[in-house]
Engineer: 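Pasting in a structure now, in structure tokens, and then I'll have a few things to ask.
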Amino acid sequence: MQNKIDTKIHDHKLVVIVGPTAIGKTRVAIEVAKALGTEIISCDSRQMYREMRIGTAVPEPEELAAVPHHFIGNLSVFDYYNVSMFEQECLQLLDKLFQEHQTVVMAGGSGLYVDALCKGIDDFPTVDPEIRRTVTEKFEEEGIEYLRRQLRMLDPEHYAKVDLRNHKRIMKAIEVCLQTGMPYSSFLTAQQRTRPFGIVKILPDRPREELFERINRRTDIMMEKGLLAEAESLYPHRRLNALNTVGYKELFAYMDGVHDLNTATELIRRNTRHYAKRQLTWFGRDAEMIRMHPDKIDEIIRTAEEQQ
RNA sequence: GGUGCCAUAGCUCAGUUGGUAGAGCAACGGACUGAAAAUCCGUGUGUCCCUAGUUCGAUUCUUGGUGGCACCA
């Protein structure tokens, strides 16, 4: 007897369109959503901040008007936000959207956010800001060795697994240990959640050279649109996490006199390329991705309609 | 036309008292469980301009070219 549980066909479907920055996802997503008469959920950790529009390449007003978008400009740079919140809010929103639409489109480039929604993410309490602040201060004062010692004591199991050179990973684990009084690793199940809807993953892809040309061009367009002025208005808040973002941090450095404007622009181009590469690595290991050229809209629409 | 200096990685350059070479940046590869456009890790990719010598051996020394720069005409 064959086990047929995994091949169950759902009533609803999420079409996920993810890929590196500047590949042309926005246009593809809008065309697909229009063809399917549905809405778009953005999964972009930076387009959520309403103060950051030019540098995050949010869709044009006409594009936003053509198809309803969610999770764009819904936060302020002062807000705390995390993947788990995104997962929860997204699931709730999908519940609502699936009452009206058979299919919903998700588009963006934040791999962790995509995976949190598609595969689920383990649940543990949100860490008190006070605890985060304490751990951060200790790290700044005493360095990564301190973090390692702490983690070895609080959660030896995770200590053995974590990248001990990555302070962010260690800090997160310590924070959760301190918050809950339990080892961070005790929250990790590595279990994939099943979702009550089908998921089709499309990865718009083009030759690297083409992608890099688009990144260069888009950087110029952002500058013409007034990215510098946008960054200047955010300069006082440059320490906020939301502003640790390509396109802004390089201009802050320019304002600090670290380098001239041309250098800053060149660094934006380079850092955007690096970012795109990281995204390619992330999405590339997902075997469910269907690679398609973003210019072949009709094929993508057909795939979005037909695939289960 | 003459004299001098230079030619080494994609770029800027270092170096080898003769044993086929290494830095920075760029580039490339990878990891990723609540700050993820973040954070972290790894990799040298080379007719050492060409040619003929000297030498066991030349990217290194010598001859002659070629190209670039500077100065003098």
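In what follows, every chain begins at residue 1, and chains take the letters A, B, ... in the order their sequences are listed.
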Engineer: For nucleotides rC6(B) and rU60(B), find the distance between their C1' atoms and express it as a whole number of Å.
Structural biologist: 15 Å

Engineer: Without hydrogens or angle criteria, can the side chains of Thr245(A) and Arg46(A) be said to hold a donor-acceptor pair below 3.5 Å?
Structural biologist: yes

Engineer: Quick one: closest heavy-atom pair of Pro294(A) and Asp205(A), and the distance?
Structural biologist: CD-O, 3.2 Å

Engineer: Can you tell me how far P in rU63(B) sits from the matching atom in rU54(B), rounded to whole Å?
Structural biologist: 15 Å

Engineer: Would you call the rings of Tyr184(A) and His158(A) parallel, tilted or perpendicular, taking 30° and 60° as the class edges?
Structural biologist: perpendicular

Engineer: Using the C1' atoms only, state how far rA31(B) lies from rC69(B), rounded to an integer number of Å.
Structural biologist: 48 Å

Engineer: What interatomic distance, in whole Å, is found between C1' of rG1(B) and the corresponding atom of rG57(B)?
Structural biologist: 40 Å

Engineer: By the 4.0 Å heavy-atom rule, please label Gly247(A) as base, sugar-phosphate, or nothing.
Structural biologist: nothing

Engineer: Which part of the nucleic acid, if any, lies within reach of Asp115(A) when heavy atoms closer than 4.0 Å are counted: base, sugar-phosphate only, or nothing?
Structural biologist: nothing

Engineer: Rounded to the nearest angstrom, tell me the gap between atom OH in Tyr81(A) and atom C1' in rA35(B).
Structural biologist: 13 Å

Engineer: Take atom OH of Tyr80(A) and atom C1' of rA36(B), then tell me their distance rounded to the nearest Å.
Structural biologist: 12 Å

Engineer: Taking the P atom of each, how far is rA58(B) from rC50(B), in whole Å?
Structural biologist: 14 Å

Engineer: Can you confirm whether Glu137(A) is buried at CD, in the sense that more than 12 heavy atoms of other residues, nucleotides or ligands lie under 6.0 Å from that atom?
Structural biologist: yes

Engineer: Can you name the closest pair of heavy atoms from Ala107(A) and Ala29(A) and give their distance?
Structural biologist: CB-CB, 3.6 Å

Engineer: Check whether the side chains of Thr21(A) and Gln279(A) place a donor and an acceptor atom closer than 3.5 Å, and report yes or no.
Structural biologist: no

Engineer: For Asn82(A) and rU33(B), what is the distance between atoms CG and C1' respectively, to the nearest whole Å?
Structural biologist: 11 Å

Engineer: Could you list the residues that satisfy ring pair (Phe, Tyr, Trp, His ring centres under 6.0 Å) with His293(A), not counting sequence neighbours?
Structural biologist: none

Engineer: Looking at His274(A), does any N or O in its side chain come under 4.0 Å of the phosphate oxygens OP1/OP2 on rC28(B)?
Structural biologist: no

Engineer: Return yes if a side-chain donor-acceptor contact under 3.5 Å exists between Tyr235(A) and Asp256(A), otherwise no.
Structural biologist: yes

Engineer: Please confirm whether Phe139(A) and Tyr146(A) have ring centers closer than 6.0 angstrom.
Structural biologist: no

Engineer: Could you go through nucleotides 38-42 of chain B and list every protein N or O atom that sits under 3.5 Å from one of its N or O atoms, giving the distance for each pair?
Structural biologist:
from, atom 1, to, atom 2, distance (Å)
rA38(B), OP1, Lys249(A), NZ, 2.5
rA38(B), OP2, Arg278(A), NH1, 2.3
rA38(B), OP2, Arg278(A), NH2, 2.9
rA38(B), O3', Asn244(A), OD1, 2.8
rA38(B), O2', Lys168(A), NZ, 2.1
rA38(B), N1, Arg169(A), NH2, 3.1
rU39(B), O2', Asn166(A), OD1, 2.3
rU39(B), O2', Asn166(A), ND2, 3.4
rU39(B), O2, Asn166(A), ND2, 2.9
rC40(B), O4', Asn166(A), ND2, 3.2
rC40(B), O2', Asp163(A), OD2, 2.8
rC41(B), O3', Arg165(A), NH1, 3.4

Engineer: Using atom P in both nucleotides, what's the gap between rA27(B) and rG67(B) to the nearest angstrom?
Structural biologist: 34 Å

Engineer: How many whole angstroms separate atom CD of Glu175(A) from atom P of rG34(B)?
Structural biologist: 10 Å

Engineer: In this structure, would Leu14(A) and Val18(A) fall into the same cluster of hydrophobic residues linked by side-chain contacts under 4.5 Å?
Structural biologist: yes

Engineer: Between rU16(B) and rU8(B), how many Å separate the two C1' atoms, rounded to a whole number?
Structural biologist: 11 Å

Engineer: Could you give the CD-to-C1' distance, from Gln88(A) to rG34(B), as a whole number of Å?
Structural biologist: 11 Å

Engineer: Base, sugar-phosphate alone, or nothing: which one does Arg239(A) contact when heavy atoms must sit under 4.0 Å apart?
Structural biologist: nothing

Engineer: Mind checking Thr272(A) for me? I need base, sugar-phosphate or nothing, with any heavy atom below 4.0 Å counting as a touch.
Structural biologist: nothing

Engineer: Taking the six-membered ring of Phe252(A) (Phe, Tyr or Trp), confirm whether the NZ or CZ of Arg238(A) is under 6.0 Å from its centre and within 45° of its axis.
Structural biologist: no

Engineer: Rounding to a whole Å, what distance do you find between Tyr113(A):OH and rU33(B):P?
Structural biologist: 14 Å

Engineer: Assign rG57(B) to syn or anti; the rule is syn for a glycosidic angle within 90° of 0 and anti otherwise.
Structural biologist: anti

Engineer: Can you give me the dot-bracket string for RNA chain B, 5' to 3', counting Watson-Crick and G-U wobble pairs with both distances under 3.5 Å, using [ ] for crossing pairs and | for partners on another strand?
Structural biologist: (((((((..((((.....[..)))).(((((.......))))).....((.((..]....)).))))))))).

Engineer: Mind checking Tyr184(A) for me? I need base, sugar-phosphate or nothing, with any heavy atom below 4.0 Å counting as a touch.
Structural biologist: sugar-phosphate

Engineer: Quick one: on RNA chain B, does Thr281(A) or Val127(A) contact a more 5' nucleotide (nearest heavy atom)?
Structural biologist: Thr281(A)

Engineer: What's Lys119(A) touching, base or sugar-phosphate or nothing? Going by heavy atoms closer than 4.0 Å.
Structural biologist: nothing

Engineer: How far, in whole Å, is rG29(B) from rA14(B) if one measures between their C1' atoms?
Structural biologist: 27 Å

Engineer: May I have the distance from Arg273(A) (atom CZ) to rC28(B) (atom P), rounded to whole angstrom?
Structural biologist: 8 Å

Engineer: Round to a whole Å and report the spacing from CD1 of Ile170(A) to C1' of rA35(B).
Structural biologist: 16 Å

Engineer: Check every strand shown and say whether Ser185(A) touches a base, only sugar-phosphate, or nothing at a heavy-atom separation below 4.0 Å.
Structural biologist: nothing

